[in-house]
Amino acid sequence: MRLVTVSGPPSSGKTSVILKVADYLAAKSLCMGVIKFDCTVTYDDRAYQKRGIPVKVGLSGNLCPDHFFISNVEECLSWGVAKGIDILIIESAGLCNRCAPHIKDALAICVIDNLSGINTPKKIGPMLKLADIVVITKGDIVSQAEREIFTFRIKQANPRAAIVNINGVTGQGAHDLGAMLESAPGLDSLAGQRLRFSMPAALCSYCLGQTKIGKEYQMGYARKMKW
């Protein structure tokens, strides 16, 4: 089975891109499944179910969604195998732009939209910088000059990634991404596999439920600004 991680900032168009690629894969008689990770609530599973795509939802609640993701990813793979899925897509929440949900030897995609600002590619961490493919959405809303500058900034942040422009409404460009997914490497097991980058570090009193403000309430891994 081929495993693909899809990350990106909120509302960048991850689900729309996946749905458009699903049409290409269906035409190739490939079964695609999706595991959607989010924090408190998601309605994206309804869109997948409406299209007959096998889907499972994981809500992290008060945990970091990517820590929650990596703690459950082996079971995700087992679910895909049991369902007879050819290509399993794991859609990450990616809320803080620092998140690192990509796995070595699994195809890694980052979705980012042109409306987020030309400096955004520099602000995004490993989920863009270590991706194999960067998908750019909403290019029809900005000017040609803005599109070119945005693409250049992405190349500065990740020179080795393939860049694909996709229109989430019309599906233009989804064929190219679908072909890349079709040739993604296969994985039978995640035992012994590694993340491409370490997760954000945090183990402090606030992680454990503290709500009071003040130095006397701050314990564990904490960092202060320099003044």
Side-chain angles (χ1 to χ4, degrees), residues 1-26 30-103 106-113 124-128 131 133 135 137 166 168-169 171 174 177-178 181 184 186-191 193 195-196 199-200 202 207 209:
M1 187 177 67
R2 281 152 282 189
L3 178 65
V4 181
T5 54
V6 177
S7 64
S11 301
S12 57
K14 297 187 291 294
T15 301
S16 294
V17 166
I18 293 169
L19 287 170
K20 294 302 180 184
V21 170
D23 294 335
Y24 171 88
L25 297 176
L30 291 170
C31 178
M32 185 188 84
V34 178
I35 307 244
K36 168 68 179 183
F37 281 95
D38 219 317
C39 291
T40 55
V41 67
T42 182
Y43 301 102
D44 293 339
D45 54 320
R46 298 179 184 178
Y48 294 125
Q49 288 170 351
K50 198 172 181 181
R51 299 280 289 276
I53 298 170
V55 61
K56 189 80 174 174
V57 169
L59 297 178
S60 63
N62 63 338
L63 298 177
C64 164
D66 276 351
H67 280 83
F68 180 71
F69 150 74
I70 203 60
S71 300
N72 289 276
V73 71
E74 280 191 286
E75 290 80 2
C76 293
L77 191 70
S78 299
W79 176 83
V81 171
K83 288 282 187 181
I85 291 168
D86 298 307
I87 298 177
L88 177 63
I89 293 179
I90 298 181
E91 185 181 344
S92 166
L95 297 176
C96 70
N97 286 346
R98 160 62 180 82
C99 300
H102 301 313
I103 301 168
L107 188 67
I109 298 173
C110 179
V111 180
I112 182 172
D113 69 275
I124 297 180
M127 71 179 186
L128 184 146
I133 304 168
V135 174
T137 59
I166 293 182
V169 178
L177 183 61
L181 264 63
L187 276 175
D188 297 323
S189 171
L190 287 172
Q193 290 287 345
L195 286 169
R196 298 190 182 197
M199 289 288 179
C207 294

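Keep in mind the model is a prediction, meaning the values are calculated, not measured.
- No side-chain donor-acceptor contact under 3.5 Å links S16 to the backbone of G13.
- Between L187 and Q193, some side-chain heavy-atom pair lies under the 4.5 Å cut-off.
- Partners of R2 according to the salt bridge (charged side-chain N to carboxylate O under 4.0 Å, His left out) rule, which considers only residues two or more places apart in sequence or in another chain, do not exist here.
- Of the options I35, D38, D45, a side chain to side chain contact (heavy atoms under 4.5 Å, CB included) to V57 is made by D45 and by none of the others.
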Taking distance alone, no hydrogens or angles, what donor-acceptor pairs closer than 3.5 Å link side-chain atoms of residues 69-87 to residues at least two apart or in another chain?
from	atom 1	to	atom 2	distance (Å)
S71	OG	H67	O	2.8
N72	ND2	F68	O	2.7
S78	OG	E74	O	3.2
D86	OD2	C31	N	2.8

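- Here the side chains of T137 and I112 are not in contact, with every heavy-atom distance at 4.5 Å or above.
- L181 has its side chain within reach of I89: a pair of non-hydrogen atoms, C-beta onward, lies under 4.5 Å apart.
- Closest approach of A106 to L3, counting heavy atoms only: CB-O, 3.6 Å.
- For the residue pair V21 and G178, the shortest heavy atom distance occurs at CG1-CA, 3.9 Å.
- Of all the heavy atoms in I18 and E91, the pair that sits closest is CD1-OE1, 3.6 Å.
- Using a 4.5 Å cut-off on side-chain heavy atoms (C-beta onward), F37 and D66 make no contact.
- The closest donor-acceptor contact from the side chain of K14 to the backbone of S7 lies at 3.5 Å or more, if one exists at all.
- Across all their heavy atoms, S12 and D113 have their closest contact at CA-OD1, 3.6 Å.
- Residues I109 and V4 share a closest heavy-atom pair of CD1-CG1, 3.6 Å.
- V34 places a side-chain heavy atom less than 4.5 Å from the side chain of M32.
- With sequence neighbours excluded, the residues forming a side-chain contact (heavy atoms from CB on, under 4.5 Å) with A108 are T5, H102, D132, R196, listed by chain and number.
- In this view, D44 and K36 satisfy the salt bridge (charged side-chain N to carboxylate O under 4.0 Å, His left out) rule, not counting sequence neighbours.
- Shown here are the side-chain contact (heavy atoms from CB on, under 4.5 Å) partners of A47, two or more places apart in sequence or in another chain: L19.
- Taking CG from L177 and CD1 from I166, the interatomic distance works out to 4.5 Å, rounded to the nearest 0.5 Å.
- Heavy-atom minimum distance, A174 versus K20: CB-CB, 3.8 Å.
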